[in-house]
Every structure is written in C-alpha cells, then in structure tokens.
Amino acid sequence: MSQNMNDPDDELLDDPTEIDVQSPPAPVAADVLDACEPVDRHAKVASVMEHFLARPDVISLPVIDSTNGRPVGMINQAAFMSNLAKPYHKEIYFGRSCSIFMDKAPVIVDAATPLQDVSARLAESGSRATADGFVIVSDKRYLGIGHTQDVLRVMAEVHRVQTRQLAIRRDHLEDVVRRRTAALTLARDAANAANIAKSAFLANMSHEIRTPMNGILGMAHLLRRAGVTPKQAERLDTIEKSGLHLLAVINDILDISKIEAQKVVLEDTPISLPGVLDNVRTMLSEAAAQKNLRLELVIDLFPGDLSGDAARLQQAVLNYASNAIKFTDDGTITLRAVCLEASPHAVMARFEVCDTGIGIPAEAIPRLFNAFEQADNSTTRRYGGTGLGLVITRRLAELMGGEAGVRSTVGVGSTFWFTAKLKRRGERASHDAPGPKHHAEADIRHRHAGKRVLVVDDEPINRMVARVQIEDSGLIVDSAEDGARAIELAQQHSYSAILMDLRMPNVDGLEATRRIRHMPSHSRTPIIAMTANVFAEDKARCLQAGMNDFLMKPFATELLFAMLLKWLARQDSPAVLVA
Ligand SMILES: Nc1ncnc2c1ncn2[C@@H]1O[C@H](COP(=O)(O)OP(=O)(O)OP(=O)(O)O)[C@@H](O)[C@H]1O
Ligand SMILES: [Mg+2]
C-alpha cells in the first residue's frame with residue numbers, strides 16, 4: 001500500500017488532464033503580426049484589403065488570436081488603404097512589419113479576463129467593425145478574416161473547456177487525495193498493530209525465556225552450594241556459563257528491540273562513575289586474567305552528586321570493554337572516564353575503552369555500529385558474537401544525550417568512545433550510589449536474621465530457588481503459589497518484605513499487592529516485584545499498584561540480597577517508604 005508513495009507511475013505525474021493552472025499564458029503583444037511568415041503576410045494583405053474594399057464603412061479591424069480568442073490589436077482601414085495606394089506598396093507590404101497597420105491603441109486583453117470583459121473591451125475600442133469582422137491569427141500566423149460572433153463563440157468554447165478541465169482535474173485530485181489518505185490510514189493502522197504485536201511478543205518471549213533460565217541458573221547455584229565433586233563443579237560451570245551466555249544474547253536482542261520500539265526509559269538515580277567502571281572491571285577481570293591482559297581504570301575527578309541510569313551506562317561500557325578483551329591478545333585495556341564539561345546542572349562525560357588489539361580496517365568502520373554487523377562478516381570468522389554490542393552502546397549513548405564512535409589502526413589497537421550527559425542533583429553527595437554488594441548476605445545475617453519474608457511465585461522451581469537462597473541468609477521464608485494465597489498469608493503474619501511475581505493464576509501480583517497494601521499491618525511493608533517482564537511500563541504498573549521496587553528475573557543472588565538488604569534497612573528507619 002505504502003509503495004504508492006514512491007511509485008514512478010505516479011498518477012499525479014501521469015495526469016491526462018494536465019493543465020498549467022499556475023501560469024496562464026502571457027498576454028499576446030500587438031507585434032505578433034511581425035512574426036508572420038512572408039507567405040502569410042501576402043495572403044493577409046490581400047484578404048484584409050478585400051475585406052475593407054467590400055466594407056467601406058468598416059473603420060478598423062480587431063486582430064484576434066484564434067488559439068485563445070484574444071484580441072491582440074486593431075488594423076486601421078485608413079492607414080491600411082493609404083499605404084496600399086502607394087505605387088511601391090508591394091515592397092512595403094511584403095518587406096515591412098505589419099504593425100504599421102495597427103491602431104495607436106490596440107486592444108490587448110489578458111487570457112484570464114472573463115469573456116464578458118473581453119466583449120466590453122472590444123465594444124469600447126470604438127470600432128464599428130468589431131461587430132462585423134477582424135483579422136484572425138493563430139500560432140502567430142495569419143488565418144483570415146473572421147466574424148465577431150465566431151470569435152466570441154470560440155472564446156466561450158475555450159472558457160467552457162478550460163472550466164470543465166479544471167473541474168475534472170479538481171475531482172481527480174480530490175479522488176487521488178482520498179485514496180491516498182485511505183491507504184495511509186490503513187498503512188498506519190497496520191504499522192501500529194504490528195508494533196503492538198511486536199511489543200507483546202517481546203514481553204511474552206522474554207517472560208517465557210527468562211523464567212526457565214531463572215530455574216536453570218538458580219538450580220545450578222543450589223547444586224553447587226550443596227557440595228559437588230570437582231568434576232561436577234566443572235560441569236556446573238559449563239551449565240552456568242552457557243546459561244549466562246544465552247541470557248546475554250537474549251538480553252541483547254530484547255534490548256535492541258526495545259530501543260527501536262522506543263520502549264527504553266532511563267532511570268534517574270544517584271550514580272557513581274568510579275562505581276560503574278569498577279563494576280565493569282570486576283565483571284571482566286577473570287576474562288582479562290585468562291588472556292594475560294592488564295585492565296586499567298583512569299577516572300577524572302567528577303562532581304559527587306551525579307544522577308543517571310547506572311545500569312545502562314554500565315552496559316554501554318561493558319559492551320566496549322568485553323569487545324576489547326575479545327579482540328586483544330596481549331597488552332593493556334584501559335577504561336577511561338573524562339569530564340568534558342561541567343555546569344551546575346549537568347556534566348558531559350566521555351567514556352573510552354582503549355585496547356592494544358587487532359584493530360579495524362578503515363573501510364569496515366562505517367558499518368560496525370549497525371545491528372548484526374561485524375568487521376569480519378565471513379562464515380569463517382574467528383570471533384563469536386551476534387554483532388549487537390556496538391549498536392546498543394551507540395543507541396544508549398544517544399538516549400543519554402551523547403554519541404559514540406571509534407578510532408582504530410589495524411595491528412595497533414582501537415579506542416571506542418561514547419559521551420553521555422549526566423544530571424547533577426545539586427546537593428552534597430553524602431555517599432556514593434550503592435556499588436556491588438559483596439557483603440549483602442552477611443549483612444542480612446548479621447542485622448536481620450529471624451525476620452520473616454514472603455516469596456510469591458506460581459513457578460515451583462522459582463519458589464524453591466528463592467526460598468533456599470534467602471533462608472541461607474538467616475531469614476525465615478514463607479511461600480505462596482499465587483496472589484490469593486499471598487493475601488491469606490499476609491492476613492496471618494506481618495512480613496518484613498514480600499517478593500511478588502507478577503503473572504500468576506487466580507489473583508495476579510498487581511492485584512495481590514493492592515489488597516495487601518490496604519491491610520493496616522502491611523501499609524509500609526516493602527513489596528518487591530520479581531518478574532521477567534522487562535518493559536518500563538511494567539515497572540510503572542508495579543509502582544502504581546503499591547510496590548516499592550523491581551527485581552528482574554533471572555537475577556543474580558547478590559542482587560537479590562542487595563535488594564533485600566536495602567529494603568530491610570529502610571524499614572528499620574523511621575522515614576516514610578518511597579520507591
Ligand atoms: N575492540 C575491538 N577491536 C577490534 N574489532 C572490534 C572491537 N570492537 C568491535 N569490533 C568489531 O566490531 C564488530 C561488532 O562489534 P559488536 O560488539 O557490535 O558485536 P560482536 O562483539 O561481534 O557481538 P556481540 O553482539 O556479542 O557484542 C565486531 O564483530 C568486531 O568485528
Ligand atoms: Mg561485542
């Protein structure tokens with residue numbers, strides 16, 4: 001449908017009723033007769049003379065262009081006859097301009113002038129002859145002598161045809177516009193429907209894939225904790241690594257789809273740049289050590305009150321840094337954060353990842369930041385990957401008000417960079433944003449052991465994984481298989497925290513949260529959504545229903561403990577709970 005837009009056989013371009021309505025023909029000047037061919041001129045003189053001889057009462061003849069019925073001038077009988085009487089008239093009339101026949105004030109009327117006005121102008125010319133006859137020229141050629149009535153008929157016909165053509169043209173245009181509008185509406189509706197279907201598909205897929213992944217990774221974790229032989233530990237390693245790899249690929253695909261569907265909403269929470277880069281280093285230190293690569297951080301001095309989306313920033317740096325490790329065999333990888341500009345309200349930061357790796361040929365660089373592109377697209381390529389890391393980083397940088405790029409020399413190394421604008425909160429930073437929670441579990445055991453939490457999930461494996469993990473930290477765990485059971489339990493016990501799945505049979509997580517929130521004993525209980533739904537609007541719906549925070553499945557055990565610790569600690573403080 002939409003291809004009509006660029007159709008080379010466009011109906012408008014190919015319009016059979018084409019009329020140049022914009023520019024009416026220029027008025028014909030009196031000198032049209034100058035251009036008459038000699039043969040015409042000869043015939044004209046003879047015929048004009050004949051006419052005047054037959055009608056001695058006719059003083060002058062208007063000159064009319066028969067192609068459009070326009071009067072272009074007058075021929076004066078006296079002037080004509082006196083010139084004709086001269087003995088050398090032939091030379092004069094055959095060799096000279098016909099304009100000498102013209103009246104001093106020829107009647108010239110623009111083509112756009114209405115018919116009645118033209119008749120009026122003819123009458124005003126004072127020539128009685130206008131009623132009888134005139135010289136007719138067509139396409140600047142003399143045609144003969146005509147009669148006023150004939151010419152007026154021609155003019156009327158020209159006007160009628162033009163008006164009709166204009167009407168046809170207008171109807172045709174209206175029809176084309178109507179059809180185009182209908183086609184565009186259909187195309188837009190189809191695109192909207194496809195977009196909605198895509199989002200729903202992504203949400204479902206992510207839920208469907210992440211939920212079993214949670215089971216796989218969680219179970220592997222539990223098996224390891226229960227004690228295994230070295231051989232089993234090695235196999236668990238493989239399960240975990242493969243699981244995490246698969247999860248990373250799924251996350252990338254979901255991420256790029258979400259970004260393209262403009263579904264990514266950035267967080268705006270306190271952020272510590274050293275914390276972000278340090279996280280990346282921690283995550284990659286093992287991979288770097290395995291390849292004997294040095295991993296260095298160089299961080300400018302930044303204001304301490306920055307806010308932004310730490311997770312997305314970390315993801316953007318991590319994409320660059322993991323590439324650097326992948327494509328470098330020896331040397332150093334440097335993660336750098338530079339403060340380009342600082343104002344009281346914001347900071348422009350530049351992040352660089354510099355490696356001493358294989359480098360990239362100049363001709364490959366322009367396409368690298370596109371989805372699924374790799375420098376080596378051949379089937380025999382040496383390095384794995386889906387080709388999504390760079391495009392995600394660039395899009396994230398753009399979302400954060402920055403841009404991304406690379407400088408590279410083959411055989412020497414590459415420097416990938418991106419910029420991002422971070423807001424300032426305008427307050428003295430009391431402490432850095434929470435970094436990795438190495439000791440969350442120990443903290444919980446130390447400070448909150450014996451408190452009771454509720455885990456609500458319809459998936460038995462998930463319930464069991466969460467229960468065993470949480471119980472290890474000294475907390476008491478109740479579990480419920482759906483929202484209805486959670487409400488029942490909440491009526492019987494007061495909980496220090498509730499972990500709530502969203503999609504469940506009978507009563508779902510949102511409804512259960514709303515009902516539990518209304519119980520006086522749970523008006524301030526931290527309720528943490530625990531879900532595989534990844535879209536920002538899901539998060540918004542959770543907060544609206546009265547939840548306090550959001551844990552995305554599958555989650556690392558450390559993250560679960562960090563989340564629990566954060567809310568258990570806040571519950572102890574007298575401050576009102578806010579998300
Ligand atoms: N530091 C680097 N040194 C050399 N080439 C690089 C570097 N970083 C990226 N590239 C090139 O850019 C390509 C695209 O990188 P990108 O991160 O988008 O995808 P990928 O690493 O192949 O896959 P993944 O989606 O798993 O990240 C890489 O395949 C590689 O050819
Ligand atoms: Mg990559």
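Note that ligands are numbered from 1 as they come in the structure, with each ligand's atoms numbered from 1 the same way.
Near Ser414, meaning under 4.0 Å from one of its heavy atoms, ligand 1 places the atoms 3 (N).
Within the 4.5 Å cutoff, no side-chain heavy atoms of Thr332 are placed close to those of Leu293. Annotation: side chain of Glu459 is not in contact with side chain of Asp501 (no heavy-atom distance under 4.5 Å).
With waters neither drawn nor counted, the protein N/O/S atoms under 2.8 Å from the Mg ion (ligand 2) amount to 1.
Taking all heavy atoms of Phe416, Phe369, Phe327 into account, the minimum distance to atom 4 (C) of ligand 1 is reached by Phe327. Considering Ala321, Ser408, Gly387 only, the shortest heavy-atom separation from atom 19 (O) of ligand 1 involves Gly387.
Close N/O approach between Gly389 and ligand 1 is found [any backbone or side-chain N/O within under 3.5 Å].
Contact annotation: for Asp355 versus ligand 1, heavy atoms closer than 4.0 Å belong to the side chain alone. Contacts of Ile360 with ligand 1, taken as heavy-atom pairs under 4.0 Å, involve the side chain alone.
Of the candidates Lys421, Arg312, Lys423, Asp268 forms a salt bridge (charged side-chain N to carboxylate O under 4.0 Å, His left out) with just one, namely Lys423.
Closest approach of Met547 to Ala529, counting heavy atoms only: SD-CB, 3.4 Å. Shortest non-hydrogen contact noted between Ala288 and Leu295 is CB-CD2, 4.1 Å. The shortest heavy-atom contact between Ser414 and Val406 is CB-CG2, 4.4 Å.
Side-chain atoms of Trp567 and Asn548 form no donor-acceptor pair, as typed in the model, at a separation below 3.5 Å.
A cation-pi arrangement is found for Arg350 relative to Trp417, the charged atom lying closer than 6.0 Å to the ring centre and inside a 45° cone about the ring normal.
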